[in-house]
Structures are given as C-alpha cells and as structure tokens.
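Letters A, B, ... are given to chains in the order of the sequence lines, protein chains preceding strands, and every chain is numbered from 1.
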Amino acid sequence: MNKFNTHNKGITKREDDYSQWYLDIIEKADLAENSSVRGCMVIRPYGYAIWENIQKNLNKMIRNSGAKNAYFPLFIPKSFFSREASHVKGFAKECAIVTHYRLKESENGNGVDVDPEAKLEEELIVRPTSETIIYDTFSRWVTSWRDLPLKINQWANVVRWERRTRPFLRTAEFLWQEGHTVHMTHEESLKEAIDRMEMYVQFAREFLALDVYYGKKSQMEKFAGAVDTYGIEALMQDGKALQFGTSHDLGQNFSHSFNIKFVDKDGVSKYPWQTSWGVSTRMMGALIMAHSDDSGLVLPPKIAPIKVVIVPISRSENRDLVMNYANEIFEILKGGYDRDEIVLDDRDYLSPGAKFNEWEKKGVPVRIEIGSKEVESGNALVVRRDSGEKVLFGKDVLFDEVGNILNDIQRVLFERSCEDLRSKTYRVESYDELKRVFEEGNGFVSAHWCGDSECELKIKDELSVTTRCLPFGREGKKGRCVCCGKECDEEWLFAKAY
RNA sequence: CGGGGAGUAGUUCAGAUGGCUAGAACGCUGCGUUUGGGACGCAGAGGCCGCAGGUUCAAGUCCUGUCUCCCCGACCA
C-alpha cells in the first residue's frame with residue numbers, strides 16, 4: 001500500500017517512488033496484471049493491443065529484410081541444448097524442464113500426481129530461446145550455396161525461470177520475435193547482424209518515439225554462444241538503461257555444433273555463418289517508462305491502440321442534442337481510423353471527469369470534448385495528452401487538424417526523448433568522475449575502457465554500473481581507461497541497467 | 001539462493017490480551033437523481049478467515065506442521 005499518501009489519481013508520483021509508479025501505470029492503464037503463476041503476467045486486452053501494434057509494424061520491417069515467418073516447437077530435447085557449450089552454460093540456471101507426460105490420481109485420493117511410470121525417455125527443455133531447435137532443422141534445410149542466405153523469423157513465447165520478475169521488464173514467460181539467418185560468408189552475416197540492429201533502432205525512433213544508443217556489447221555481456229552481440233539501449237526516466245533489443249553475430253559456433261553445412265560453388269563442403277536477433281515484450285516496459293507521466297500512460301500515436309476519444313458532456317435537458325453532435329463529430333473523423341482506434345465514450349453513468357481521468361491513465365493521445373458550448377459554436381475542443389493543451393477547431397478543419405496533432409505528438413515525444421538522452425549522457429576521464437556521476441544521479445556515461453574484464457568487473461562490483469555498448473560509428477580518440485589508466489582508444493557507454 | 005513481511009469479501013485492509021451472529025473502504029447489482037476534471041441517495045449481492053492437525057466450554061485470534069504470495073538483495077543470454 002501507499003505509505004507516503006502521494007497518490008495522484010491512484011498513481012504514485014515518479015519522484016516519490018519510481019518503481020511503484022511503474023507498477024501503478026501498468027495497473028491503472030489496464031496493461032497487465034499478476035497471474036496465479038509466479039512470475040508470469042496476464043497481458044490485458046489494452047496492453048496486448050499495444051503489443052499487436054508493435055508486432056504489426058515491426059513484422060513489416062522484418063519481412064522487408066527478406067526474412068520469412070515460421071514456427072518451431074516449444075520443446076527442445078535436452079541433448080540439443082548442450083551441444084553448444086557456452087550456450088547451455090548461459091541458460092542452464094533458468095530452464096524449465098518437462099520430465100513426465102501423464103498424471104494419475106493421488107494415493108490419498110484428492111488431486112493428481114505425476115505418474116512415475118510416464119517418465120520421458122529424453123527430457124525436454126521449454127525453450128528459453130530457439131537457436132538449438134531451429135538450427136537442428138536448418139541442418140536439413142541447408143545443403144547448397146543455392147539455399148543461402150536463409151532468413152527465418154518466428155513470433156513466439158519463451159520461458160526463463162527468473163528468480164525475480166517485474167511486469168514486462170523481466171517475466172518468467174515472455175513474448176518475442178527471434179530471427180535466425182544463415183550466410184555463406186562472415187562478411188555477409190556480420191552485415192546482417194548490424195542491419196537488424198539498425199532496423200530495431202529505426203523502429204524505436206519512428207514508432208516508439210524513443211531515441212537509443214546502439215553498438216557492440218562487451219565479451220562479458222554478450223549472448224551465450226555468440227561471437228559478438230550488438231545491443232540497443234534506451235534511457236528510462238530514472239536514468240537507468242534498458243536494453244531492449246539484441247542482434248548476435250554467431251560466427252560458425254552453431255553451424256559446427258549442429259552440423260549445418262553447404263556445398264559451395266567450388267564443390268567444397270563448408271560451414272556457414274549465422275546470426276540471431278530479437279526484441280521482446282520488454283520493449284513495452286521501455287515504452288511505458290520512457291514517455292509516461294504522473295497522470296498515467298503516454299503513448300506515441302503510431303503505437304496507441306486508441307488514437308482519439310470523444311467525450312460528450314451533457315445535461316439531462318440537452319442530452320440528445322449533445323449526443324447527436326458528438327455522433328456527427330465521430331462520423332467526420334471515423335474515416336481516418338480503424339474501427340478500434342476512435343472511441344465515442346457514451347457511458348452516461350460516468351461523469352466527464354471520471355472519463356477524462358480514465359483516458360488520460362490509458363494514454364490516449366487525443367481527447368475531444370463535446371458539450372453545449374461546442375454544439376452552439378459548431379466547434380470541437382481538442383485536448384492533447386502530451387501537453388494537456390486544449391484547442392478549439394471548427395468542424396470543417398477538424399479531420400485535418402486532429403491528424404496534424406497526432407503527428408505532432410509523435411514528433412514531440414521523440415524530440416523529448418532525444419533531448420533526454422543527450423542531457424543525461426556524461427563524458428568522464430577518471431574513475432572519480434565516473435563515481436561522482438552515479439552518486440549524484442543516473443544516466444549514460446561515456447568513458448575510455450581498456451577492454452579488460454577485470455576493470456569491467458571492478459566497476460560493476462563497486463558502482464553497480466555495467467558496460468552497455470561500444471557505440472557505433474564513433475571515431476575512437478586516444479585516452480586512458482577510467483579504471484586502470486592504461487592507454488586505449490575505445491570509449492564505451494556505461495550505465496546502471498534494468 | 002540470503003534477509004524481511006503477509007495470507008480474512010472481487011481488491012486493499014481492520015479485527016489488543018480467545019467470546020464473531022466476522023467488519024470497513026473501494027468495486028459490483030438494482031432503482032432514482034446527476035454530468036465542463038474521479039457525482040449522490042436508497043436498497044442489495046458477496047466470506048470454510050491459505051491448508052492440515054492440536055489445545056479449549058469456545059479459535060481469524062493460541063500451539064505445531066505445511067503450502068503460497070509479496071518486498072529487498074544476490075543472480076539475470
């Protein structure tokens with residue numbers, strides 16, 4: 001319960017308790033709730049509609065990259081999983097395992113028990129990621145250079161038995177897409193890994209209105225089984241970093257362990273080069289945290305399930321008049337939106353204030369208020385969720401102006417995110433400066449690092465700060481490692497991470 | 001895996017030293033009045049007090065066991 005009595009419309013203020021604020025937004029905006037299964041959440045219809053919008057738009061980009069969607073089993077034979085040594089090591093501690101296939105009545109007569117007779121010959125892992133089951137398949141699909149490149153994507157659920165979970169950010173089961181590609185050369189697979197990372201960056205900026213950093217992860221932070229991992233890092237309002245997309249250069253690690261081979265043009269049998277890449281429902285966590293405020297969720301219009309809500313405000317004596325006019329406004333706008341994207345809120349058992357609050361909590365970008373004043377003047381009062389600004393428009397221009405405002409909100413949110421990222425990124429030269437940044441607040445810190453994991457570990461132990469990535473496309477200037485002082489030319493981004 | 005807390009109505013909780021015929025707020029249902037920033041009145045529905053034992057004339061309340069959930073930390077491709 002709220003011990004500070006600081007609730008604003010039932011939502012804890014960010015400055016009082018950021019993490020409670022996040023949980024409040026999820027509850028009050030009807031995004032998700034805890035289920036009866038520990039660590040697994042129920043994604044409610046409104047939250048799922050956001051995920052569907054993410055899927056719809058990202059799926060288009062994935063298909064444009066040449067990947068085709070397919071679906072692979074939820075279960076992975078245990079032996080597959082252990083074929084790639086570092087892969088199994090990375091996931092071993094959080095696997096759910098199926099050992100039996102049948103129940104029987106309990107000895108004491110109430111309930112059911114696992115039937116010990118029904119033990120599986122080979123135990124099955126519930127996929128925490130699908131490299132192994134997919135590459136087992138790929139070993140049959142790939143035989144010739146003509147089969148390459150092979151680009152496959154799947155939308156699926158995966159399970160990682162996390163000790164500690166938080167809605168969307170880390171759940172025991174989550175939804176994601178995972179792309180898997182196979183190439184003839186390393187040059188080509190590396191390009192694919194980087195292209196997909198850049199695709200995620202473009203998606204974040206264009207649809208989520210989120211500016212991000214992106215680049216190579218350190219060897220310690222990379223994916224278990226990858227040669228190199230590339231990551232996308234966003235900044236949350238509390239100054240912590242959230243990694244919400246990764247793309248892996250798998251080299252030939254998996255093609256060797258899964259015996260994927262192709263006969264090249266020269267007649268020689270060769271191991272191909274692979275990538276995998278994914279984003280998950282964790283991205284929803286980034287979306288929620290990045291833009292929202294103390295009144296509730298704020299959504300970029302391109303991702304918002306409901307873009308416009310019309311709220312009629314009537315007295316009993318003019319109800320018909322107001323409702324007719326509200327309907328007229330609805331008809332004017334309706335052609336510009338899908339059926340679910342525009343709502344006429346005609347629930348007459350709720351006061352206007354209650355409706356305003358509800359739609360604000362849900363982050364609907366544009367609200368249109370229709371009352372007796374609007375009926376008389378032939379206008380509509382348009383209210384923006386991002387700024388609260390209210391503007392009157394005549395019926396004749398309303399359709400265009402609402403469209404303009406939606407575009408403008410998308411733009412403003414992105415600019416705000418860019419500014420936020422820029423203003424909370426610091427450049428430091430020494431360990432003391434690094435330390436001071438995280439004593440005074442959070443954010444991204446750009447600093448020289450020699451690449452030695454000993455330095456990385458020391459910083460992690462002492463400051464709870466980790467390397468996020470070596471950002472792309474930056475010329476390395478000579479400098480000294482913030483930790484050990486050794487000369488080096490790589491400037492890495494550091495942050496406290498979710 | 002370590003530390004803490006909690007299981008009582010749909011939800012959040014109150015129920016000192018056992019006396020309960022188990023309450024409140026919000027939510028829910030019906031009727032009526034309302035509607036420019038979370039409306040109000042009246043009437044209702046809703047509980048095996050996590051589960052299993054025990055102590056007692058009497059157990060949400062005490063004892064034992066057990067299960068579950070939440071929070072903090074460690075871990076987290």
Side-chain angles (χ1 to χ4, degrees), chain A residues 1-3 7-11 17 19-20 23 27-28 33-40 81 84 86-95 108 110-111 127-132 158-167 169-172 174 176 178 217-231 243 245-248 250 253-254 276-278 280 282 295-296 311-319 322-323 326 345-361 367-376 381 383 388 390 392 460-461 464 466 497-498:
Chain A
M1 262 321 270
N2 168 35
K3 47 185 181 288
H7 276 157
N8 177 26
K9 298 164 188 169
I11 297 169
D17 187 344
S19 134
Q20 188 59 49
L23 295 172
E27 186 196 328
K28 303 291 178 188
E33 64 193 41
N34 278 339
S35 71
S36 301
V37 183
R38 196 199 70 88
C40 296
F81 211 73
E84 215 289 337
S86 57
H87 187 66
V88 67
K89 201 162 161 251
F91 285 101
K93 283 185 286 184
E94 50 190 35
C95 280
N108 62 17
N110 49 45
R127 63 182 166 214
T129 180
S130 306
E131 273 74 10
T132 55
V158 290
V159 169
R160 297 179 189 181
W161 216 260
E162 302 284 354
R163 302 286 172 90
R164 188 155 170 219
T165 60
R166 304 187 70 188
L169 298 178
R170 178 168 288 111
T171 47
F174 57 91
W176 76 348
E178 50 181 321
K217 305 291 283 183
S218 72
Q219 287 301 297
M220 209 169 84
E221 298 276 333
K222 76 177 181 185
F223 175 72
V227 171
D228 274 314
T229 289
Y230 300 87
Q243 172 184 314
T246 50
S247 182
H248 314 295
L250 301 176
N253 291 351
F254 286 92
S276 68
W277 29 275
S280 70
R282 172 177 248 210
S295 302
V311 178
I313 303 157
S314 60
R315 299 173 174 280
S316 36
E317 62 268 23
N318 66 3
R319 175 153 304 142
V322 168
M323 277 313 297
D345 188 351
D346 58 0
R347 296 173 296 175
D348 60 2
Y349 55 91
L350 287 181
S351 71
K355 293 179 189 174
F356 297 164
N357 282 304
E358 178 174 334
W359 297 115
E360 266 165 27
K361 281 189 294 197
R367 176 176 83 232
I368 298 179
E369 300 179 16
I370 298 297
S372 52
K373 289 182 222 162
E374 285 72 27
V375 174
E376 281 158 29
L381 184 67
V383 188
K390 299 184 174 187
L392 264 180
K460 188 176 178 184
D461 283 351
S464 306
T466 51
Y498 271 99

Whole angstrom is fine here: how far is it from [atom1] in [X] over to [atom2] in [N]?
X        : N     : atom1 : atom2 : answer
A/Leu381 : B/G36 : CG    : P     : 14 Å
A/Lys460 : B/A74 : NZ    : C1'   : 10 Å
A/Arg166 : B/C70 : CZ    : P     : 14 Å
A/Gln20  : B/C71 : CD    : C1'   : 10 Å
A/Trp161 : B/C1  : CH2   : P     : 14 Å
A/Leu23  : B/U12 : CG    : C1'   : 15 Å
A/Lys390 : B/G36 : NZ    : C1'   : 8 Å
A/Asp345 : B/G37 : CG    : P     : 15 Å

Which is true for [X] with a 4.0 Å heavy-atom rule: it touches a base, it touches only sugar-phosphate, or it touches nothing?
X        : answer
A/Glu317 : nothing
A/Lys222 : sugar-phosphate
A/Thr229 : nothing
A/Thr129 : nothing
A/Arg347 : nothing
A/Arg38  : sugar-phosphate
A/Glu94  : sugar-phosphate
A/Gln243 : base

Apply the syn/anti split at 90° from 0 to [N] and say which one it is.
N     : answer
B/C26 : anti
B/A22 : anti
B/G60 : syn
B/C48 : syn

Expressed as a whole number of Å, how far does the [atom1] atom of [N] sit from that of [M]?
N     : M     : atom1 : result
B/C76 : B/G4  : C1'   : 22 Å
B/G47 : B/U8  : C1'   : 8 Å
B/G38 : B/G27 : C1'   : 14 Å
B/G46 : B/C28 : C1'   : 9 Å
B/C1  : B/C57 : P     : 43 Å
B/A24 : B/C70 : C1'   : 23 Å
B/A6  : B/G50 : C1'   : 11 Å
B/G60 : B/C42 : P     : 33 Å

inquiry  = Whether A/Arg127 and A/Glu178 form a salt bridge (side-chain N of Lys/Arg under 4.0 Å from carboxylate O of Asp/Glu) is what I want to check.
reply    =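 Salt bridge absent between A/Glu178 and A/Arg127.
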
ask   = Charged N to carboxylate O under 4.0 angstrom, A/Glu358 versus A/Lys28?
value =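 No, no charged N to carboxylate O under 4.0 Å.
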
Using modelled atom types only, decide if a donor and an acceptor are shared between the side chain of [X] and the backbone of [Y] within a distance under 3.5 Å.
X        : Y        : value
A/Asn253 : A/Gly225 : yes
A/Asn357 : A/Ala354 : no
A/Lys222 : A/Ala226 : yes
A/Glu162 : A/Thr165 : no

request  = Specify the residue among A/Arg170 and A/Val375 whose closest nucleotide of RNA chain B lies further upstream toward the 5′ end.
outcome  =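 Looking at RNA chain B, the more 5' nearest nucleotide goes with A/Val375.
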
ask   = Toward the 5' end of RNA chain B, which comes first, A/Phe356 or A/Asp461, by nearest nucleotide?
value =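 Whichever sits nearer the 5' end wins; that is A/Phe356.
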
message = Can you give me the closest heavy-atom contact between A/Val88 and A/Phe81, atom names plus distance?
response =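 A/Val88 and A/Phe81 have their closest heavy atoms at CB-O, 3.5 Å.
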
Closest contact, heavy atoms only, A/Asp346 versus A/Lys355 =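 Minimum heavy-atom separation between A/Asp346 and A/Lys355: C-NZ, 4.3 Å.
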
Examine the base of [N] for any acceptor or donor lying under 3.5 Å from a partner atom in the side chain of [X], and report the outcome as yes or no.
X        : N     : value
A/Glu360 : B/G37 : yes
A/Arg163 : B/C75 : no
A/Glu369 : B/G37 : no

message = Ignoring hydrogens and geometry beyond distance, is a side-chain donor-acceptor pair present between A/Ser35 and A/Glu33 at under 3.5 Å?
response =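 No, because no side-chain N or O of A/Ser35 sits under 3.5 Å from a partner of the opposite role on A/Glu33.
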
inquiry  = What I'd like to find out is whether the side chain of A/Thr246 reaches to under 4.5 Å of the side chain of A/Tyr230, using heavy atoms alone.
reply    =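 Result no, sub-4.5 Å side-chain heavy-atom pair not found.
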
What are the atom names and distances for every N/O pair under 3.5 Å that joins the protein to nucleotides 28-34 of chain B?
residue: B/U34; atom: O4; partner: A/Asp348; partner atom: O; Å: 3.3

Does [N] pair with anything, Watson-Crick or G-U wobble, both distances under 3.5 Å, and if so, with which nucleotide?
N     : result
B/C51 : B/G65
B/C1  : B/G73
B/U29 : B/A43

task = From the options B/G37, B/G38, B/C76, select the nucleotide whose nearest atom is closest to the side chain of A/Glu162.
result =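 Of the candidates, B/C76 comes closest.
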
inquiry  = Checking contacts here: which listed nucleotide (B/G38, B/G36, B/C70) is nearest the side-chain heavy atoms of A/Asn34?
reply    =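 My answer, after comparing the listed nucleotides, is B/C70.
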
query = Centre of A/Phe174's six-membered ring, under 6.0 Å away, within 45 degrees of the axis: is that where NZ or CZ of A/Arg282 sits?
reply =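 That pair does not qualify as a cation-pi contact.
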
request  = Would you indicate, yes or no, if B/G38 has its OP1 or OP2 atom less than 4.0 angstrom from a side-chain nitrogen or oxygen of A/Lys28?
outcome  =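 For A/Lys28, the contact criterion (side-chain N or O under 4.0 Å from OP1 or OP2 of B/G38) is not met.
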
